Amino acid sequence: MAALSAWFWNERFWLPHNVTWADLADPAPGTEYPKAGHLLSALPLAVGIFIVRIFFERFIAGRCAHRLHIQAGVVRRSQPNAVLEKVFTSITKSPDSRHLDGLSKQLDWEVRKVQRWFRQRRNQDKPSTHAKFCESMWRFTFYLCIFTYGIQFLWQCPWMWNTRHCWYNYPYQVLTPGLYHYYVTELAFYWSLMFSQFTDIKRKDFLIMFIHHLATISLISFSYANNMLRVGSLVMCVHDASDFLLEAAKLTNYAKSQRLCDFLFIVFSVAFFITRLVIFPIWIINSTFYESWAIIGPYPSWWLFNSLLLVLQVLHVIWFYLISRIAIKAMLRGKVCNDVRSDIESSSEEETDVPKEQLKASPLTSTSPKGENGTNGTCATIKARAQNHSSSW
């Protein structure tokens with residue numbers, strides 16, 4: 001273990017030339033440098049955030065949903081059937097015509113009855129609008145609070161106004177209480193998302209978001225360990241700037257305020273473009289590449305950090321492409337299309353027993369082949385978290 005630890009914390013990788021861990025281990029009296037051990041304090045804080053979230057969703061978000069007449073709803077449960085349940089859990093949740101015909105003969109049921117059973121069974125696992133509203137309200141509250149704190153803190157910091165201060169006297173930069181609290185709180189929140197993802201609403205991008213949260217935790221921890229907190233705080237603030245707007249748009253959609261939802265989604269799209277495609281590359285990546293090169297010079301972890309930021313920028317471009325498509329459709333059609341991460345089936349399909357192939361082709365339905373319906377559209381969630389995310393980083 002000692003050999004593995006020595007290899008992992010190799011000074012030639014983590015630190016600039018002529019700097020050792022011993023130089024950072026014993027600062028002057030009254031000063032403090034970041035240490036990797038500090039990151040462990042995020043774990044109990046993450047548990048605390050998770051507990052706060054449970055109480056928040058139950059006693060605050062739940063009451064807000066009730067005032068907005070967003071009820072939990074009662075889903076009609078499917079008729080107990082051991083044969084169909086085994087097919088549902090072991091083979092497929094959406095059987096094709098071949099499976100439907102076979103099950104129809106085996107059970108002596110009409111095909112429509114088998115279809116109806118599978119629809120009802122799928123809907124038992126679908127989250128209610130009430131649950132989605134409470135989840136989005138928690139995220140909206142946290143993102144808004146942490147963004148407000150980040151702006152208030154960074155407003156007083158010299159590196160907010162001159163990014164060259166991110167690299168002056170690096171890595172001998174003092175860890176202030178405000179910077180420590182900002183970093184640890186962000187890290188704890190994403191640890192809490194790792195915990196809660198197994199109890200949250202299950203979506204199609206579960207694995208992608210899990211990897212996204214893991215990557216975010218790794219980036220925050222990486223920048224803390226080699227004392228890139230100043231530029232890291234700018235990265236976090238830039239990403240937090242648009243996240244709460246997306247959650248606000250989703251909240252208004254769940255409350256069936258479609259015009260406000262569309263307006264907020266357009267505002268989110270503009271904010272995402274300005275922060276992720278303008279400020280991030282021109283202000284932050286320019287500093288991490290050119291200003292840091294001129295002041296401290298490159299070293300192995302410097303190359304890794306900048307490579308990860310470039311990958312992140314590529315993701316920003318992809319996410320904005322998806323967001324802009326939705327925003328354009330919102331302006332042309334007057335409403336935002338479905339949440340691309342949602343597993344909710346269209347209402348027209350729930351109310352009829354017509355096979356899917358006929359449903360898509362029917363001129364009487366408003367559902368397009370891509371799944372965009374003409375009813376109350378759900379505000380889109382991109383984040384691999386466009387939102388997201390992450391996001392997060």
Side-chain angles (χ1 to χ4, degrees), residues 8-28 31-36 38-39 150-180 182-183 186-187 215-216 218-241 273-317 320 390-393:
F8 182 82
W9 294 108
N10 191 317
E11 295 166 345
R12 292 186 178 182
F13 173 81
W14 287 95
L15 300 173
H17 302 298
N18 301 322
V19 179
T20 66
W21 292 119
D23 298 332
L24 301 173
D26 189 21
T31 63
E32 180 76 22
Y33 295 142
K35 294 181 176 62
H38 295 168
L39 298 174
I151 285 292
Q152 290 179 341
F153 168 72
L154 290 172
W155 200 267
Q156 310 169 38
C157 299
W159 61 88
M160 172 78 168
W161 311 105
N162 182 358
T163 52
R164 297 180 69 87
H165 282 276
C166 292
W167 314 107
Y168 290 151
N169 200 36
Y170 177 84
Y172 305 103
Q173 296 174 344
V174 177
L175 175 66
T176 63
L179 190 55
Y180 169 80
Y182 188 27
Y183 244 77
E186 287 269 16
L187 181 60
T216 300
S218 301
L219 274 169
I220 294 176
S221 302
F222 174 84
S223 60
Y224 191 96
N226 65 355
N227 202 7
M228 288 187 177
L229 275 71
R230 294 184 176 183
V231 69
S233 64
L234 298 179
V235 173
M236 291 191 299
C237 188
V238 165
H239 283 74
D240 290 336
F273 175 80
I274 294 174
T275 55
R276 310 284 183 100
L277 271 68
V278 178
I279 294 178
F280 184 74
I282 295 177
W283 187 40
I284 295 179
I285 293 184
N286 176 70
S287 177
T288 60
F289 261 97
Y290 299 106
E291 293 178 351
S292 64
W293 183 294
I295 295 173
I296 63 173
Y299 53 100
S301 67
W302 179 94
W303 286 107
L304 177 59
F305 185 71
N306 279 281
S307 298
L308 293 174
L309 292 182
L310 287 178
V311 171
L312 192 58
Q313 183 57 29
V314 172
L315 293 176
H316 291 164
V317 174
F320 183 74
S390 240
S391 60
S392 59
W393 290 23

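None of the values given here were measured: they were computed from a predicted structure.
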Output for pair (Leu310 CG, Leu315 CG), nearest 0.5 Å, gives 11.0 Å
With Asn226 as partner, the option from Phe305, Phe13, Trp14 fulfilling side chain to side chain contact (heavy atoms under 4.5 Å, CB included) is Trp14
- Could you go step by step and tell me if Tyr170 and Asn227 meet the side chain to side chain contact (heavy atoms under 4.5 Å, CB included) rule? CA-CA 8 Å; Tyr170 177 84; Asn227 202 7; 4.3 Å; yes
Sequence neighbours excluded, the answer for ring-ring contact (aromatic ring centres under 6.0 Å, His included) partners of Phe280 is His239, His316
No-hydrogen, no-angle side-chain donor-acceptor test under 3.5 Å, His38 and Tyr180: no
Minimal heavy-atom distance between Trp161 and Leu154, with the atoms involved, is NE1-O, 4.4 Å
If you define the side chain from C-beta out and look only at heavy atoms, does anything of Tyr224 sit under 4.5 Å from Leu175? yes
With sequence neighbours left out, the residues meeting side chain to side chain donor-acceptor pair (under 3.5 Å) with Ser307 are none
Minimal heavy-atom distance between Leu309 and Ile285, with the atoms involved, is O-CD1, 4.0 Å
Start with the C-alpha gap between Tyr172 and Thr31, add the side-chain angles, then the distance that decides, and say whether side chain to side chain contact (heavy atoms under 4.5 Å, CB included) holds. CA-CA 10 Å; Tyr172 305 103; Thr31 63; over 6 Å; no
Residues at least two apart in sequence or cross-chain that pass side-chain contact (heavy atoms from CB on, under 4.5 Å) with Phe273, listed by chain then number, are Leu277, Val278, Phe320
Output for pair (Arg230 CZ, Cys157 SG), nearest 0.5 Å, gives 8.0 Å
Margin query: Is any side-chain heavy atom of Met228 closer than 4.5 Å to one of Thr288?
Written below: no
CG (Asn169) and CD1 (Ile295) are apart, to the nearest 0.5 Å, by 11.0 Å
dist Asn306:CG -> Phe289:CZ (nearest 0.5 Å) comes out at 4.0 Å
By side-chain contact (heavy atoms from CB on, under 4.5 Å), Pro298 pairs with (sequence neighbours left out) Trp293, Trp302, Trp303
Value for OH (Tyr183) from OG (Ser221), rounded to nearest 0.5 Å, stands at 9.5 Å
Output for pair (Phe222 CZ, Leu308 CG), nearest 0.5 Å, gives 7.0 Å
Heavy-atom nearest pair, Arg276 first then Pro281, reads O-CD, 3.5 Å
Looking only at heavy atoms, the pair that brings Leu179 and Ser233 closest together is CD1-CB, 3.9 Å
* **pair Leu234-Cys166: side-chain heavy atoms closer than 4.5 Å** => yes
Exercise. Between the side chain of Trp21 and the main-chain N/O of Trp9, is any donor-acceptor distance below 3.5 Å?
Worked result: yes
Could you tell me whether the side chain of Thr163 reaches within less than 4.5 Å of the side chain of Ile284, counting heavy atoms only? no
query: Is there a side chain to side chain contact (heavy atoms under 4.5 Å, CB included) between Cys237 and Phe153 once you walk through the steps?
result: CA-CA 10 Å; Cys237 188; Phe153 168 72; over 6 Å; no
(request) Flag yes if more than 12 heavy atoms outside Asp26 fall under 6.0 Å of its CG atom; otherwise flag no. (result) no
Asn162 meets the side chain to side chain donor-acceptor pair (under 3.5 Å) criterion, sequence neighbours left out, with none
Given the rule in the side chain to side chain contact (heavy atoms under 4.5 Å, CB included) test, do Asp23 and Leu15 qualify, once you have shown the distances and angles that lead to the verdict? CA-CA 11 Å; Asp23 298 332; Leu15 300 173; over 6 Å; no
field: Asn286 and Glu291, any side-chain heavy atoms less than 4.5 Å apart
entry: yes
When every non-hydrogen atom of Glu32 is compared with those of Pro27, the smallest separation belongs to CA-CG, 4.5 Å
Looking only at heavy atoms, the pair that brings Met236 and Ile220 closest together is SD-CD1, 4.3 Å
### Query
Within a reach of under 6.0 Å around CH2 of Trp155, are more than 12 heavy atoms found that belong to other residues, nucleotides or ligands?
no
Query raised in the report: Is there side-chain contact between Pro171 and Tyr33, with heavy atoms separated by less than 4.5 Å?
Result: no
Backbone of Trp283 reached by a side-chain donor or acceptor of Ser287 within 3.5 Å | no
Sorted by chain and residue number, the side chain to side chain donor-acceptor pair (under 3.5 Å) partners of Gln173 (sequence neighbours excluded) come out as none
